[in-house]
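To start, the structure itself, in structure tokens.
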Amino acid sequence: MTEPPESAAPGPRPDVCVIIPAAGSGVRLGEQSPKAFVELHGRTILERCVDQISGLDAAVVVVAPADLVGEARSLLPPQIRVVAGGAHRSESVRAGLAAAGDAQIILVHDAARPLTPASVFHRVIDAIRAGHRAVVPGLPVADTLKAVEPIGDDLALVTRTVDREPLRAIQTPQGFTREAFVAAHADDAGLATDDAGLAERVGIPVHVVSGHPMAMKITTPWDLSVLRRVLHSGEVGS
Ligand code: CTP
Ligand code: MG
């Protein structure tokens, strides 16, 4: 009997799993379909998001709305796992974790940030491999920040100006060792929208690497129109 050719042997399974929560309904976007299924320059937001990391050596788990699991499967390459999400983001993330196999590095990346360059994933993964337990991408804040006290309809009183120097606007993918991720979520019965926040709560140090402007999140119709124009003009970063 002839041995199968070497290339037919399955390679080692990737030790990184990217969980993509895509089970939200996109209320603030206000489109007919849930946000991940909205069209962005000829393809769905979900397809673009997954496509950005097609070259990454990682397993990918997409968490879709329960009634759109089949639809998500039909849009995505066959090696991508698709599972049903829950009513809140944290439930969707935990559904993703249950399908993440035994990967030792877990990244959580919102489908709502579909043009995030692969370089951001690499920075997060590299920092985890360098020994950090929780790593998030962030950008310096450009706007002047002031704390206010609301005093009426569209009127507020400034109570102080906040020093923006030590502040970062945090994006995804947020990366964790499996141990840190499980510890962070073990305690969460609530509605957390920030996985790193859960890690902080249980005393896990969270480190920040550089994010990227193209990792911007689509929340409102304005955000969607910005990314549509970016794609139309071909100004996509790397
Ligand atoms: N998400 C999820 N499951 C939920 C809620 C949110 O997987 N039950 C995902 C969204 O699909 C999105 C990410 O979490 O990729 C960030 O959430 P957000 O931007 O708030 O998206 P939506 O919840 O869909 O939007 P909205 O809050 O406007 O309804
Ligand atoms: Mg939401």
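This chain uses plain numbering: 1 for the first residue, then up along the sequence. All ligand and atom numbering here is 1-based and tracks the order in the structure.
For R129, the salt bridge (Lys or Arg N to Asp or Glu O under 4.0 Å) test picks out D15, with sequence neighbours left out.
The shortest N/O to N/O separation between G26 and ligand 1 falls below 3.5 Å. Geometrically, ligand 1 and L29 share no nitrogen or oxygen pair separated by less than 3.5 Å.
Taking a 4.5 Å side-chain heavy-atom cut-off between Ile, Leu, Val, Met, Phe, Trp and Tyr, the cluster of I204 extends to V202.
Of all atoms in ligand 1, listed by their number and element, those nearer than 4.0 Å to a heavy atom of S25 are 24 (O). Using a 4.0 Å cut-off to heavy atoms of A22, the atoms of ligand 1 that qualify are 7 (O), 11 (O). Below 4.0 Å from some heavy atom of H88 lie the following atoms of ligand 1, by number and element: 4 (C), 8 (N). Residue A87 has at least one heavy-atom neighbour below 4.0 Å for each of these atoms of ligand 1: 8 (N).
The protein atom (non-hydrogen) at minimum distance from atom 10 (C) of ligand 1 is G24 N, 3.6 Å. Of the protein's non-hydrogen atoms, the one nearest atom 29 (O) of ligand 1 is V27 N, 2.7 Å. Residue, atom and distance of the protein heavy atom nearest to atom 9 (C) of ligand 1 are P21 O, 3.6 Å. Looking at atom 20 (O) of ligand 1, its nearest protein heavy atom turns out to be R28 NH2, 2.9 Å.
Residue contacts with ligand 1, taken as heavy atom pairs separated by less than 4.0 Å, involve S92 solely via side-chain atoms from C-beta onward. Contacts between E91 and ligand 1, counted as non-hydrogen atom pairs separated by less than 4.0 Å, are absent for every part of the residue.
Within a 6.0 Å radius of CD in Q79, more than 12 heavy atoms belonging to other residues, nucleotides or ligands are found.
Of all the listed residues (A23, G86, P65, G85), G86 holds the heavy atom that lies closest to atom 8 (N) of ligand 1. In this comparison of K35, R113, R89, H109, the heavy atom closest to atom 18 (P) of ligand 1 sits on K35.
No donor-acceptor pair under 3.5 Å is formed between the side chain of R133 and the backbone N or O of P205. With Q104 contributing its side chain and D102 its backbone, the two residues share a donor-acceptor pair below 3.5 Å. Between the side chain of T172 and the backbone N or O of D110, at least one donor-acceptor pair lies under 3.5 Å. Side chain of R48 to main chain of L40: a donor-acceptor pair is present (N/O by atom type, distance under 3.5 Å, no hydrogens or angles). Remark: side-chain polar atoms of Q174 are paired, donor with acceptor, to backbone N or O of A196 under 3.5 angstrom.
Comment: R113 does not engage D223 in a salt bridge, judged by the lack of any side-chain N to carboxylate O separation of less than 4.0 angstrom.
Remark: distances from the non-hydrogen atoms of A36 to ligand 1 are all 4.0 Å or more.
When each of V63, V83, V182 is paired with L97, the side chain to side chain contact (heavy atoms under 4.5 Å, CB included) condition holds for V182 and for no other.
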